[in-house]
Amino acid sequence: MKLNKNFKNIEENYLFAEVAKRAAAYSSAHPEKRVLKLGIGDVTLPLAPAVISALHSAVDDMSKQESFKGYGPYEGYDFLRESIRAYYMSHGVNLSLDEIFVSDGAKSDLGNILDIFSVDNTVLVPDPVYPVYVDTNAMAGRKVIYAAANEGNGFLPMPDKSIKADVIYICSPNNPTGAAYTKAQLKEWVDYANATGAVILYDAAYECFITDESLARSVYQIEGAENCAIEFCSFSKTAGFTGTRCGYTVVPKSIKADGLSANAMWFRRQATKFNGVPYIVQKGAAAVFTAQGRKEINENLNYYRRNAKLIAECMDRLGIWYTGGKNSPYIWLKCPDGLKSWDFFDTLLENIQVVGTPGAGFGKNGEGFFRLTAFGSEQVTKEAVERFEKFLSE
Ligand code: PLP
């Protein structure tokens, strides 16, 4: 047998392991110091009561002969897909039910979607980037090129007509930078993709953080996107499902090439390799879209938004350049005094015991930047902000 040699081309991602290692080493050397963690991208608030109650009742369904469920539909139960459809409708997007595919989360779909694309496609990803886009393509042996995101373009690279790419990744609001494209900027990407015959893989995992009307909650709010974009979304950040696992992908029927339909191929791919998301989890996810569910989820989102605002306002007072903080749970800041990302990490850990994520771990252009997240508790966020402000204004 032969193993897939492309795995040799995947760069080992030490980022979070190294963050954890340095934080743990500091804590064991200084057990008296309280380390505050603003580095994690995971949610911390528990599931909303409406979701919990739907999960309980779905468990009861499984205990009775008349409501027991075995294998479900590969593409998800209609009750959940109808709710997702109505959610898109509320943002002016009209999808048909068979364009919506429920899954166990955006990460799986972002990786699995590559099954339907030829290995000779050239892939364009922004730098810095959510590492999954790069690694999944590297595993398959695809050529990856980068669109530079930097201070000059506000970490929102725009299409470069001289570059030819077949598959384009866009994540907005972005992880790690928190930057989000306006509808006008997205229109340029959509027009570029349609003009060149490229597909956009649009990661909307953080759409729920958007409050600004000029930003798109879905790429399909942009005219023409139905001909070139596949959208990935998730209940992870919207409703705290990081450990419960549920997401969805929209594959429009109008995306076609070489007489093949992306929608039909994705259905075929899922039917071959995936047996659906548990009924219980889908019931929990559907509760997110009920009036009570929406209300409760918004309270949680507002909690994280308040944390993001606290951090962003601190950067404003200190005159530190940053993206995100609004419409996003991430604050991506420029390290003061020209420090490199890991040097700033060590400085914060040593002096004020605040842990963030070095931007350099997300790509070459992340060097000199640093990510803080709003997913911690309000109390930890407040204390971290106080320490940060006191230290940097000294
Ligand atoms: N996309 C982005 C940009 C993310 O940051 C994450 C998780 O952090 C995901 C996708 C994965 O989401 P899920 O939990 O649905 O797999």
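All values derive from a computational prediction rather than experimental measurement. These numbers come from the heavy atoms of this one structure, side chains and all, not from hydrogens, waters or symmetry mates.
Under 3.5 Å, the side chains of E226 and S254 contain no donor-acceptor pair of N or O atoms. Side-chain atoms of Y169 and N137 form a donor-acceptor pair, as typed in the model, at a separation below 3.5 Å. Under 3.5 Å, the side chains of T290 and R294 contain no donor-acceptor pair of N or O atoms.
The shortest distance between side-chain heavy atoms of V354 and L349 does not fall below 4.5 Å. Counting heavy atoms from C-beta on, the side chains of P358 and L15 come closer than 4.5 Å. Side-chain contact between L110 and T136 is absent, with no heavy-atom pair separated by less than 4.5 Å. You'll find the side chain of M62 stays beyond 4.5 Å of the side chain of V59, heavy atoms only. Here the side chains of Y202 and I230 are not in contact, with every heavy-atom distance at 4.5 Å or above.
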Expected list for residues 307-319: side-chain donor-acceptor pairs under 3.5 angstrom, two or more places apart:
from: N307; atom 1: ND2; to: A374; atom 2: O; distance (Å): 3.1
from: N307; atom 1: ND2; to: G376; atom 2: O; distance (Å): 2.9
from: K309; atom 1: NZ; to: E313; atom 2: OE2; distance (Å): 3.1
from: D316; atom 1: OD1; to: Y322; atom 2: OH; distance (Å): 2.9
from: D316; atom 1: OD2; to: Y322; atom 2: OH; distance (Å): 3.3
from: R317; atom 1: NE; to: E389; atom 2: OE1; distance (Å): 3.2
from: R317; atom 1: NE; to: E389; atom 2: OE2; distance (Å): 2.8
from: R317; atom 1: NH2; to: E389; atom 2: OE1; distance (Å): 2.7

Could you pull out all donor-acceptor pairs under 3.5 Å where a side-chain atom in residues 30-37 meets a protein atom, sequence neighbours excluded?
from: R34; atom 1: NH2; to: E383; atom 2: OE1; distance (Å): 2.3
from: R34; atom 1: NH2; to: E383; atom 2: OE2; distance (Å): 3.3

Side-chain donor-acceptor distances from residues 240-251 under 3.5 Å, at least two apart:
from: T242; atom 1: OG1; to: D42; atom 2: OD1; distance (Å): 2.7
from: R245; atom 1: NE; to: D104; atom 2: O; distance (Å): 3.2
from: R245; atom 1: NH1; to: T242; atom 2: O; distance (Å): 3.1
from: R245; atom 1: NH2; to: D104; atom 2: O; distance (Å): 3.1
from: T249; atom 1: OG1; to: D109; atom 2: OD2; distance (Å): 2.6

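In this structure, E231 contributes its side chain and D203 its backbone to no donor-acceptor pair below 3.5 Å. Counting only distance, with no hydrogens or angles, the side chain of E378 and the backbone of Y303 share no donor-acceptor pair below 3.5 Å. Not a single donor-acceptor pair under 3.5 Å links the side chain of S234 to the backbone N or O of G105. The backbone N or O of P176 sits nowhere less than 3.5 Å from a side-chain atom of R371 that would complete a donor-acceptor pair. Side-chain atoms of E188 never come within 3.5 Å of backbone atoms of P159 as a donor-acceptor pair (strictly under, hydrogens ignored). Between the side chain of T44 and the backbone N or O of F375, at least one donor-acceptor pair lies under 3.5 Å. Under the 3.5 Å distance criterion, the side-chain polar atoms of D258 are left unmatched by any main-chain donor or acceptor of L260. A donor-acceptor pair is defined here as one N or O able to donate and one able to accept, closer than 3.5 Å; such a pair exists between the side chain of K237 and the backbone of G41. Under a 3.5 Å cut-off, the side chain of N6 and the backbone N or O of M139 do form a donor-acceptor pair. Looking only at distances, no side-chain donor or acceptor of N175 sits under 3.5 Å from a matching main-chain atom of C171.
Salt bridge annotation for K382-E386: absent, with no cationic side-chain nitrogen under 4.0 angstrom from a carboxylate oxygen. The existence of a salt bridge linking D343 and K340 is excluded, since no basic side-chain nitrogen approaches an acidic carboxylate oxygen closer than 4.0 Å.
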**OP:** Using the side chain to side chain contact (heavy atoms under 4.5 Å, CB included) rule, take E99 and N263 through it: C-alpha gap first, then chi angles, then the decisive distance, then the call.
**Re:** CA-CA 7 Å; E99 292 175 313; N263 177 283; 4.0 Å; yes

Original post:
Are R142 and N121 close enough, and set up right, to give a side chain to side chain donor-acceptor pair (under 3.5 Å), and what steps lead you there?
Top reply: CA-CA 7 Å; R142 254 182 225 95; N121 285 315; over 6 Å; no

Subject >> Evaluation steps, side chain to side chain contact (heavy atoms under 4.5 Å, CB included), between W266 and I255 >> reply: CA-CA 11 Å; W266 181 240; I255 300 187; over 6 Å; no

Subject >> Worked check of side chain to side chain contact (heavy atoms under 4.5 Å, CB included) between Y88 and N94 >> reply: CA-CA 7 Å; Y88 273 86; N94 192 1; over 6 Å; no

Original post:
Taking it one step at a time, do K164 and D166 satisfy salt bridge (Lys or Arg N to Asp or Glu O under 4.0 Å)?
Top reply: CA-CA 7 Å; K164 172 79 185 94; D166 306 298; 3.2 Å; yes

**OP:** Quick one: do V19 and W342 satisfy side chain to side chain contact (heavy atoms under 4.5 Å, CB included)? Show the steps, please.
**Re:** CA-CA 9 Å; V19 166; W342 278 106; 3.8 Å; yes

**OP:** Determine, step by step, whether R22 and E18 satisfy the salt bridge (Lys or Arg N to Asp or Glu O under 4.0 Å) criterion, reporting the C-alpha distance in whole Å, the side-chain angles of both residues, the deciding distance to 0.1 Å, and the verdict.
**Re:** CA-CA 6 Å; R22 292 193 194 194; E18 185 61 25; 2.8 Å; yes

**OP:** Under the side chain to side chain donor-acceptor pair (under 3.5 Å) rule, what do S172 and N174 come out as? Steps first, then yes or no, please.
**Re:** CA-CA 4 Å; S172 180; N174 190 275; over 6 Å; no

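The side-chain tip of K364 does not point at the ring of Y146 from less than 6.0 angstrom away and within 45° of straight on.
Atom CD of E151 is surrounded by more than 12 heavy atoms from other residues, nucleotides or ligands within 6.0 Å. Taking a 6.0 Å sphere around OH of Y74, one finds it holds 12 or fewer heavy atoms contributed by other residues, nucleotides or ligands. Within 6.0 Å of CZ in R268 there are 12 or fewer heavy atoms belonging to other residues, nucleotides or ligands. Other residues, nucleotides and ligands contribute at most 12 non-hydrogen atoms within 6.0 Å of the CD atom of Q65. Under a cut-off of 6.0 angstrom, the local environment of NZ in K183 is crowded, with over 12 non-hydrogen atoms contributed by other residues, nucleotides or ligands.
I116 and V102 are assigned to two separate hydrophobic clusters, defined by single-linkage of ILVMFWY side chains at heavy-atom distances under 4.5 Å.
When the ring pair (Phe, Tyr, Trp, His ring centres under 6.0 Å) test is applied to F232, no partner is found at least two apart in sequence or on another chain. Taking Y330 as the reference, Y206 meet the side chain to side chain donor-acceptor pair (under 3.5 Å) condition, with sequence neighbours excluded.
Distance check, rounded to the nearest 0.5 Å: NZ of K256 to OG of S261 gives 5.5 Å. Atom-to-atom distance recorded for T182:OG1 and I222:CD1 is 8.0 Å, nearest 0.5 angstrom. In this structure, CD1 in I331 is found 8.5 Å from CG in L38, a value given to the nearest 0.5 Å. In this structure, the separation between CG on N365 and CG on N150 is 6.0 Å, given to the nearest 0.5 Å. The OG1 atom of T323 sits 7.5 Å away from the CG atom of L156 when rounded to the nearest 0.5 Å. Summarising the geometry, atom OG1 belonging to T196 is positioned 5.5 Å from atom CD1 belonging to I168; distances are rounded to the nearest 0.5 Å.
The heavy-atom pair separating E296 from A48 by the smallest distance is OE1-CB, 3.4 Å. Of all the heavy atoms in L348 and F388, the pair that sits closest is CD1-CE1, 3.8 Å.
The stretch residues 48-63 participates, sequence neighbours left out, in these side chain to side chain donor-acceptor pair (under 3.5 Å) pairs: D61-Y279.
Residues W332 and F155 bring their aromatic ring centres within 6.0 Å.
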